Participant: 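Before I ask anything, here is the structure I am working with.
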2 protein chains.
Amino acid sequence: MAISLGIVEDHSEFRQSLIYLVSSFSDYSVKWSFGSVEEALDNFSDIDVLLLDISLPKMAGNDSIPLFKNLCPDLKVIMLTIQEDPNSILKAIQNGADGYILKKTHPQKILEAIQQVRDGGAPITPLVARQVFSFLKTAPGKGINEAKLTSREIEILTLITQGFSTEIIAEKLFISIQTVRNHIKNIYDKLQVHSKAQAVAKALNEKLV
Amino acid sequence: MAISLGIVEDHSEFRQSLIYLVSSFSDYSVKWSFGSVEEALDNFSDIDVLLLDISLPKMAGNDSIPLFKNLCPDLKVIMLTIQEDPNSILKAIQNGADGYILKKTHPQKILEAIQQVRDGGAPITPLVARQVFSFLKTAPGKGINEAKLTSREIEILTLITQGFSTEIIAEKLFISIQTVRNHIKNIYDKLQVHSKAQAVAKALNEKLV
DNA sequence: AATCCAATAGCCTTATCGGGTCATTTTTCA
DNA sequence: TGAAAAATGACCCGATAAGGCTATTGGATT
């Protein structure tokens, strides 16, 4: 069974060469291709893999990933881009992209990438990987829970860091406000803080939640 | 000029096949190979690229990366591993690894990886990339300062994230409590939050301060 | 000169928080 | 089994926060 592809790429020339490239092999078939996210969404039909340009005239490719995945949950999305910008790489990943390759990537590698996402891999060119690495290097390490909070306390602290009020937390946990207040007091004692703001700061900085 | 290699790998069989593989091409030359980090450090001489096993009998490959880089700052390190464990991948990256590939990777790909690190890339197998992606997806993204807070507001927001009360902030900035309260209100409007706890959470998660 | 915006400051009201103390029940563990 | 820890719930009180509204000043911008 051939891998069915969709392509969203506004440069018609590059789009055509992608189609030409892929069509040379019976393992792949381009089911549709459009020059904008809007057209693609309007005329969407299920495919296996979507090749999605990052810089598009109207809606950015990055932002549209969830929309496509919503239409077709099993869809694998490979981002195509001209240059590796750390911010857009990160954004693409967090939006659920499955791969991220440069347009100047050797055609053979693009074909490999398509197969790789089908096999559950995340195709990524070495130069892009370098950006990802450098980001991870500076990423905050998940430290260990120093203060020995109980699971209930961690649960409540987590909700506090999400900005919920005492009242809402009580509702969410099906317990009384008083109880939540007691837990919060105990949390304050253990963390040695005296307000929610301080608790949130400490929890996030020390990765307690 | 051939790329000079070092190898640290405790399984002599795999070590030999690596040497055999690499020696087949004049572009590469194995300068030395050892079965443990300790031996390699004791007998170290400058090389271009180090192939470093993750699971070693004594000192873990991961922990030794900084030691090697210390001896030879321009050294590129490619981690070799049997399986992709998210934690060790992250650890390796944060320790300064330049690439991370599976031992079962096709020999041809291993050679490519060596060249890629020399070219400033970060070779990484698709399956490993998948792990990295999934980590990044849950990692706190350093979004760009969306809301355009004034410098005074950022100043106050920073103090809030440090857990100071409105009163203390007023004292620190030599302005009245009322003024601080007004700034806080404006901050809330811009960040679309309704409490200090929420503001702290947003500020820290989105790196606004 | 007119306007906008940031920073400053005040007032009023209601709601929530933080701290203290106490009590009951369930779970965990030695 | 019996003590310790955790989770639950309550009361009170004063302090703080949050929301709404108005207003002045000084520096830019137009």
Side-chain angles (χ1 to χ4, degrees), chain A residues 87 140 142-209, chain B residues 140-209:
Chain A
N87 278 338
K142 56 163 198 296
I144 305 169
N145 202 326
E146 305 281 359
K148 47 252 163 262
L149 297 179
T150 69
S151 59
R152 195 55 152 174
E153 286 162 354
I154 290 175
E155 194 175 9
I156 288 177
L157 180 56
T158 303
L159 291 170
I160 292 175
T161 62
Q162 288 165 3
F164 294 110
S165 69
T166 304
E167 187 181 3
I168 302 296
I169 293 174
E171 282 176 20
K172 281 182 175 290
L173 300 182
F174 304 107
I175 56 180
S176 87
I177 292 181
Q178 304 306 326
T179 303
V180 176
R181 282 167 50 68
N182 275 318
H183 285 303
I184 292 176
K185 286 176 200 174
N186 292 330
I187 292 170
Y188 287 174
D189 281 346
K190 290 183 180 177
L191 298 187
Q192 302 191 73
V193 297
H194 306 280
S195 73
K196 287 187 179 179
Q198 287 179 332
V200 170
K202 190 147 194 167
L204 294 182
N205 282 326
E206 304 190 5
K207 300 270 180 292
L208 298 178
V209 294
Chain B
K142 60 155 204 303
I144 304 168
N145 202 326
E146 307 279 1
K148 44 245 160 266
L149 298 179
T150 69
S151 59
R152 194 55 153 175
E153 285 162 354
I154 290 176
E155 196 176 5
I156 289 177
L157 180 55
T158 303
L159 291 170
I160 293 175
T161 61
Q162 289 165 3
F164 294 109
S165 70
T166 305
E167 188 181 4
I168 302 295
I169 292 174
E171 282 176 21
K172 281 183 175 289
L173 299 183
F174 304 108
I175 56 180
S176 88
I177 292 181
Q178 302 306 325
T179 304
V180 176
R181 296 191 64 242
N182 274 317
H183 285 305
I184 293 176
K185 287 176 199 173
N186 292 331
I187 292 170
Y188 287 176
D189 280 347
K190 291 182 180 178
L191 298 187
Q192 302 191 73
V193 298
H194 306 279
S195 74
K196 287 187 179 180
Q198 287 179 332
V200 171
K202 191 148 194 166
L204 294 182
N205 281 328
E206 305 191 5
K207 302 261 183 292
L208 298 178
V209 293

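Bear in mind that the values here come from a model prediction, so they are computed numbers and not experimental data. We name chains A, B, ... by the order of the sequence lines, and we start the count at 1 in each one.
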Participant: What nucleotide, of C:dA7, D:dA17, C:dG19, holds the atom closest to the side chain of B:Ser165?
Facilitator: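 Looking only at heavy atoms from C-beta outward on B:Ser165, the closest nucleotide is D:dA17.
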
Participant: Is B:Thr150 close enough to C:dC5 that one of its side-chain N or O atoms is under 4.0 Å from OP1 or OP2 there?
Facilitator: no

Participant: When you measure from the side-chain N and O atoms of A:Ser151 to the phosphate of D:dA7, is any distance below 4.0 Å, counting only OP1 and OP2?
Facilitator: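 Yes, such a contact exists.
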
Participant: OP1 or OP2 of C:dG18 versus the side-chain N and O atoms of A:Tyr188: is any pair under 4.0 Å?
Facilitator: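 It does, given that an N or O in the side chain of A:Tyr188 lies less than 4.0 Å from OP1 or OP2 of C:dG18.
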
Participant: Got a second to check how far B:Ile175's CD1 is from B:His183's NE2, nearest 0.5 Å?
Facilitator: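 Between atom CD1 of B:Ile175 and atom NE2 of B:His183 there are 5.0 Å.
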
Participant: Atom CZ of A:Arg152 to atom C1' of C:dT27: distance rounded to whole Å?
Facilitator: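 Atom CZ in A:Arg152 sits about 14 Å away from atom C1' in C:dT27.
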
Participant: Given the structure, check if the side chain of B:Asn182 and the base of C:dA9 hold any donor-acceptor pair shorter than 3.5 Å.
Facilitator: yes

Participant: How close or far is atom C1' of D:dC12 from atom CD1 of A:Ile177, stated in whole angstroms?
Facilitator: 16 Å

Participant: Taking only the side-chain nitrogens and oxygens of A:Thr179, find out if one of them lies under 4.0 Å from OP1 or OP2 of D:dG9.
Facilitator: yes

Participant: Within this structure, what is the CD1-to-P distance between B:Ile184 and D:dG20, rounded to whole angstrom?
Facilitator: 15 Å

Participant: From the set C:dC11, C:dT21, D:dG9, return the single nucleotide nearest to any side-chain atom of B:Lys185.
Facilitator: C:dC11

Participant: What nucleotide among C:dG18, D:dA17, D:dT8 has an atom nearest to a side-chain atom of B:Lys196?
Facilitator: D:dA17

Participant: Of the candidate nucleotides C:dT8, C:dC11, D:dA10, which contains the atom at the shortest distance from the side chain of B:Gln178?
Facilitator: C:dC11

Participant: Does B:Ser176 reach a base, just sugar-phosphate, or nothing at all? Heavy atoms under 4.0 Å.
Facilitator: sugar-phosphate

Participant: Mind calculating the distance between CZ (B:Phe164) and C1' (D:dT16) to the nearest angstrom?
Facilitator: 17 Å

Participant: Stepwise, does the side-chain contact (heavy atoms from CB on, under 4.5 Å) test hold for A:Thr150 with A:Lys190?
Facilitator: CA-CA 10 Å; A:Thr150 69; A:Lys190 290 183 180 177; 3.8 Å; yes

Participant: I need the NZ-C1' distance between A:Lys190 and C:dG19, as an integer number of Å.
Facilitator: 18 Å

Participant: Show the nearest heavy-atom pair for residues A:Ala201 and B:Val200, with the distance to one decimal.
Facilitator: N-CG1, 3.7 Å

Participant: Nearest heavy-atom pair of B:Leu191 and B:Lys202: which atoms, and what distance?
Facilitator: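 For B:Leu191 and B:Lys202, the tightest heavy-atom pair comes out as O-NZ, 3.0 Å.
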
Participant: How long is the line joining CD of A:Gln198 and C1' of D:dA17, in whole Å?
Facilitator: 14 Å

Participant: What about A:Arg181: does its side chain form a donor-acceptor pair under 3.5 Å with the base of D:dG9?
Facilitator: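 Between D:dG9 and A:Arg181, which were checked side chain against base, a qualifying N/O pair under 3.5 Å is absent.
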
Participant: Return the minimal non-hydrogen interatomic distance between A:Arg152 and A:Leu173, and the atom names on each side.
Facilitator: NH2-O, 3.8 Å

Participant: So, is A:Thr166 near the phosphate of C:dC17, with a side-chain N or O under 4.0 Å from OP1 or OP2?
Facilitator: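 The answer is yes; a side-chain N or O of A:Thr166 sits under 4.0 Å from OP1 or OP2.
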
Participant: If I take atom CD in residue B:Glu167 and atom P in nucleotide D:dA18, what distance separates them, rounded to the nearest angstrom?
Facilitator: 15 Å

Participant: Rounding to an integer number of Å, can you tell me how far A:Ile187 CD1 sits from D:dA6 P?
Facilitator: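 After rounding, the reported distance stands at 13 Å.
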
Participant: How would you label the contact of B:His183 with the nucleic acid (heavy atoms, under 4.0 Å): base, sugar-phosphate, or nothing?
Facilitator: base

Participant: Write down the atom of B:Ala199, the atom of B:Tyr188, and the distance for their closest heavy-atom approach.
Facilitator: CB-CE2, 4.0 Å

